Amino acid sequence: MNSAPRIMITGLGAMCGAGRSIDAIWDAIRAGRSAVAPIGQWDASRWPIRHAAEVTGVDDQAIVEDRRLHKFISRTDLFGLYAAQGAIQQAGLLAQRDKLDTQAAARFNDRSGIFVGCGGGAYRSNYDFFPVLSAARGDLQIFGRELESSVNPMWLLTCLPNNVLCYIGIRHGFKGTNACIANQCVGGAMAVAEAAAALRCGEADRAVAVGHDAPIEPETVLHYHQFGLLTNDALRPFDRERSGTIFGEGAAAVVLETAPEAQVRGAPILGEFLGSGCVTEATGILDVRPDGDGLSRAIELALEDAGVRPGELGLIVAHGNGARASDASEAVAIRRVFGEVPPPVTAFKWALGHTIAASGVLDLVLALTALRHRVVPGIATLNTLDPSLAPFPVSSTPQKPRSDVAMILCRGFGGMNVALVVRAVPAA
Amino acid sequence: MIPRRRIAITGIGMVTPVGHDAPTTWANLRAGRGGFGHIQQFDARTFPVRIGAEVKSFKPEAVICDRNLLKFASRSHAFALAAAEEALTDAGIRPDPSTGHRWGFSAGAGMMGVAFSELESVHAFCGQNGDFEPDGLLNSGFPADPVAFCRSQTNAGLGLLTRHFGIRGYATAVHTACASGGQALGTALKVMRRGLTDFMLAGGYDSMLNPMGLSGFCLLGALSVDNDTPERASRPFDKTRNGFVLGEGAGFLVLEEWEAARARGARIYAELAGDGNSLSSYRITDSHPSGDGPIQAMQQALSDAAMEPENVDYVNAHGTSTPMNDRSECAALRAVFGPQIECLAVSSTKSCMGHLIAAAGAVEAGVCALAIRDGIAPVNANLLQTDPECDVNIVLGQSRPLRIRAAISNSLGFGGSNSCLVFRHPDEVAAPRRCDRGQPATP
């Protein structure tokens, strides 16, 4: 597809436990500061897992000012809308549309796509039924009679997985091609890949891609803990002593535009989307293959799609979730593709927690930031590299990127593996 | 420029309220036989709405032998496994260790992961006084069920199906409410055109016929309250329509690259020829009465299929039987097809199956492929008094024999996502013909 346009990145937005702006998150990472802290959303002092990287100290209205909207959406949706708004603002899309006449503005909206990797869970929203369940005492006839006087009539709408997609559209007027990807951890990363694919195929001229999630809930913590996936220690990717992951929450967003569109309007070019790869390893819901089969195939597909040779990569942002099996197979996959001397590898979950569906987009936004600052941040919680993974170019101290191209790796339930390749345009 | 890949539909599988497989479902839709009744799965006698379109006496183990797999499958996952198995058998091809990486998966997945019984047990330990007390989960008696937790993950169905069938390529699960199934097939089409896979298992699955799902729609006032006449409650485009009837089920298609399918002698139902995809950005539950939103989806789909409105003979409408949807959809059809609308047979098979939510678009895509194969536009059942605002050429009374050169299927979702898919008769791929009912195509 030689005629496909290049895809430029013109806006970025993010929020998570480490900060409410990319600069704040970046500063925390550079300072070796993790957002992991005692859980505050409920009293977890008696819980087997007591820590997470929560978004704290912000009231909902500071995130999304439209007060009416708060009744119709959930916590994860607030994060998604905030990140999307930041990216749209930075790209100057609305200011651009304001310059157009009515007809051209309508076409602008029809040619603006929205792609969202949505959060999962929503266990919390089901608890709205507790009062009626208490009244019913197991009798569905009472449940049926009391229902309408007990539960918010809009209940179903508050937990729609596609709320962020819907409300980005309503708030900003965009009406183009769209998707809401409900693929757990890789949802956000896939939203970026699908947005870029839609632009390459001419389905839209620009798109906003978002990943958002708020997985810190008692039920998720309990069950992840039962599977041995969580730790009370720090999240230490690739470390000899790594003992599991830690939840985070938040969202990130990017605005993508075709190169001709971005150039004509003189948009700020922050980077370029080069390619993606996405496969499942068909291992069912939870398992990962120890040989890194799916991840190495995703990496190879992404390099091919990007037209980038392995040696041209400047850095890799690994999934690095701190789980023993996932990190080990990730190192195997990276070594299989890149040989004994892969580009510098880092990961960000030690600082932000594992933000599940948001993680791929947060990592992408931070990879671009790292390239623009020409530094690969160290992993502050890394003490000793797991000798069974050596040699492997991770470090607790900063490294130098080899070029202006980064690869972002994202893995999830369902045997999912996604790799993204981006180039950064250095900050002026 | 490299010519775009053409995509063939070679396998169809369905589990619906009117049949546990595609042939039974299709026979009932052709005959206009509905699958409605009073809800049997739980005691809904005091709910504001007590009727639904249930999949009745379904036994997944009759189709899927892997008992351990079924343990991890929710009701909707079991529908999905059975429909996918039927589609692959029907296509006569399936992934094997040497081809698995060239197979992809794309599905519209339902939004409800937690079964009512699981919520009840959380309530018993954590919610007796109405509020959620997290420490109840730590009680040694709490029946924490890791398998149920796996089932509740958003991509659990993807995990189960890709593992069971050995699909190792691109995989995605999407959710845009009632547009999910249509958008999943649209994604599958685009993924194949991009060359990422040579085969796709694509469809949708859902079951919201449980106390939570039924409550959610009851509270919104979206359902028909005709509790005494369930068989007539779903009457899309009727002047007296008053809401949709909640259904459940799954539909899957096998998609293959056209020439490869021909080369192996596959039976091709139809070409999946185009996809249109838009966002209404109006209200969360409705499109604009003018049809703005669905209009763009249909226009894009036709343009994507390189087709003019006069090439289309049949529309499988979203036609939910809610006052707003049907009016807005008809306005959109008139805007897109203009005077050609008279030449276009329209029906909503939700008049027999009810609304399968995330599975609707996938099952209805299969219906379009079968309608093309058999030359039959299925009847829009239950329509006695056409709403003047829905004055399109609806298939009334009984199914209509009709050579269908091309069909389109609309799926319009809560949240404003709109999907339109275009299906082309295999003969039209070789030699396009003009409308054969004496209606000349506009030059």
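All figures in this text were calculated on a predicted structure; none of them were measured in a lab. Here is how names work: the chains are called A, B, and so on, in the same order as the sequence lines, proteins then strands, and each is numbered from 1.
Separation of the A:Phe143 and B:Phe116 ring centroids falls under the 6.0 Å cut-off.
Only the side chain of A:Asp287 comes within less than 4.5 Å of a heavy atom of chain B; its backbone N, CA, C and O stay farther away. At a 4.5 Å heavy-atom cutoff, the contact between B:Leu158 and chain A is made by side-chain atoms alone. Neither the backbone nor the side chain of B:Ala109 has a heavy atom closer than 4.5 Å to any heavy atom of chain A. Of the two parts of B:Asp145, only the backbone, made up of N, CA, C and O, holds a non-hydrogen atom closer than 4.5 Å to a non-hydrogen atom of chain A. In this structure, chain B has a heavy atom under 4.5 Å from the side chain of A:Phe129, while its backbone stays farther away. Looking at A:Leu301, there are no atoms closer than 4.5 Å to chain B (heavy atoms on both sides), in backbone or side chain. The part of A:Leu286 that comes within reach of chain B is its side chain, from C-beta onward, which places non-hydrogen atoms under 4.5 angstrom from that chain. For A:Leu222, the part lying near chain B is the side chain, with the backbone staying farther off; criterion is any non-hydrogen pair under 4.5 Å. Both the backbone and the side chain of B:Phe217 have a heavy atom closer than 4.5 Å to some heavy atom of chain A. For A:Cys118, no part lies near chain B; criterion is any non-hydrogen pair under 4.5 Å. Heavy atoms of B:Thr285 lying under 4.5 Å from chain A belong exclusively to its side chain. Heavy-atom distances place no part of A:Asp139 under 4.5 Å from chain B, backbone and side chain included. With a 4.5 angstrom heavy-atom cutoff, A:Arg137 does not touch chain B via any of its atoms. Contacts between B:Arg50 and chain A at a heavy-atom distance below 4.5 Å are absent for every atom of the residue. B:Phe414 touches chain A through backbone and side chain together, each having a heavy atom under 4.5 Å away. Using a 4.5 Å cut-off between heavy atoms, B:His164 does not touch chain A at all. Proximity to chain B (any heavy atom under 4.5 Å) is shown, for A:Phe72, by neither the backbone nor the side chain. B:Arg45 touches chain A through its side chain: at least one heavy atom from C-beta onward sits under 4.5 Å away, while N, CA, C and O do not. If you measure heavy-atom distances from A:Met154 to chain B, the contacts under 4.5 Å come from both the backbone and the side chain. Within the 4.5 angstrom heavy-atom criterion, atoms from both the backbone and the side chain of A:Glu219 approach chain B.
Here the straight-line distance linking atom CD1 of B:Ile284 with atom CG of A:Asn162 works out to 7.0 Å at 0.5 Å rounding. Distance OG/B:Ser215 to CD/A:Glu148: 9.5 Å, rounded to 0.5 Å. For the atom pair B:Tyr170 OH and A:Met416 CE, the distance stands at 7.5 Å (nearest 0.5 Å). Rounding to the nearest 0.5 angstrom, the gap separating the SG atom in A:Cys201 from the CZ atom in B:Arg4 is 9.0 Å. Atom CG of A:Leu133 and atom CE of B:Met212 lie 7.5 Å apart (nearest 0.5 Å). Atom CG of residue B:Leu279 and atom OG of residue A:Ser112 lie 11.0 Å apart, to the nearest 0.5 angstrom.
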Practice task
For side-chain contact (heavy atoms from CB on, under 4.5 Å), just list the numbers for A:Met190 and B:Thr187, CA-CA rounded to whole Å, side-chain angles, deciding distance to a tenth of an Å, and then say yes or no.
Solution key: CA-CA 12 Å; A:Met190 288 186 73; B:Thr187 299; over 6 Å; no
Problem - Full working for side-chain contact (heavy atoms from CB on, under 4.5 Å) between A:Val279 and B:Arg168 - result: CA-CA 6 Å; A:Val279 302; B:Arg168 294 171 56 238; over 6 Å; no
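The residue among B:Thr197, B:Leu161, B:Asp292 with the most heavy atom pairs within less than 4.5 Å of chain A is B:Asp292. Each of B:Ala124, B:Gly169, B:Gly157 has some count of heavy-atom pairs under 4.5 Å with chain A, and the biggest count is that of B:Gly169. The candidate with the highest count of non-hydrogen atom pairs below 4.5 Å against chain A, out of B:Pro146, B:Ala44, B:Gly416, B:Cys126, is B:Pro146. Each of B:Ala297, B:Ala179, B:Gly216 has some count of heavy-atom pairs under 4.5 Å with chain A, and the biggest count is that of B:Gly216.
B:Met111 is listed as a side-chain neighbour of A:Leu160, based on a closest heavy-atom distance under 4.5 Å. The closest side-chain heavy-atom distance from A:Phe130 to B:Asn129 is not below 4.5 Å. You'll find the side chain of B:Gln296 stays beyond 4.5 Å of the side chain of A:Asn109, heavy atoms only. Under the 4.5 Å side-chain criterion, counting only non-hydrogen atoms from C-beta, B:Glu118 is not in contact with A:Tyr123. With a 4.5 Å cut-off on side-chain heavy atoms, B:Cys150 and A:Phe227 count as touching. B:Leu219 is not listed as a side-chain neighbour of A:Asn152, based on a closest heavy-atom distance of 4.5 Å or more. Here the side chains of B:Lys190 and A:Thr177 are in contact, with some heavy-atom distance below 4.5 Å. Within the 4.5 Å cutoff, side-chain heavy atoms of B:Leu119 are placed close to those of A:Tyr127.
Looking only at distances, no side-chain donor or acceptor of B:His175 sits under 3.5 Å from a matching main-chain atom of A:Cys180. Checked by atom type and distance alone, the side chain of A:Asn178 never pairs as donor or acceptor with a backbone atom of B:Ser417 at under 3.5 Å. No donor-acceptor distance shorter than 3.5 angstrom exists from the side chain of B:Asp304 to the backbone of A:Glu203, with no hydrogens or angles considered. When atom types are taken as modelled, the side chain of B:Ser281 and the backbone of A:Gly173 share no donor-acceptor pair closer than 3.5 angstrom. The backbone N or O of A:Thr283 sits less than 3.5 Å from a side-chain atom of B:Arg163, completing a donor-acceptor pair. Looking at A:Arg46, its side chain never comes within 3.5 Å of a backbone N or O of B:Leu138 through a donor-acceptor pair.
When B:Thr162, B:Asn155, B:Thr172 are each tested for a side chain to side chain contact (heavy atoms under 4.5 Å, CB included) with A:Thr280, only one passes: B:Thr162.
Surrounding CD of A:Gln141 are more than 12 heavy atoms belonging to other residues, nucleotides or ligands, all under 6.0 Å away. Within 6.0 Å of atom CZ in A:Arg107, 12 or fewer heavy atoms from other residues, nucleotides or ligands are found, so the atom counts as exposed in its surroundings.
Residues satisfying the salt bridge (Lys or Arg N to Asp or Glu O under 4.0 Å) criterion with A:Glu194, sequence neighbours excluded, are B:Arg194. Considering only residues two or more places apart in sequence or on other chains, A:His223 meets the ring-ring contact (aromatic ring centres under 6.0 Å, His included) condition with B:Phe149.
Residue B:Leu137 comes nearest to A:Pro218 through the heavy atom pair CD1-CB, 3.6 Å, listed as atom of the first residue, atom of the second, then distance.
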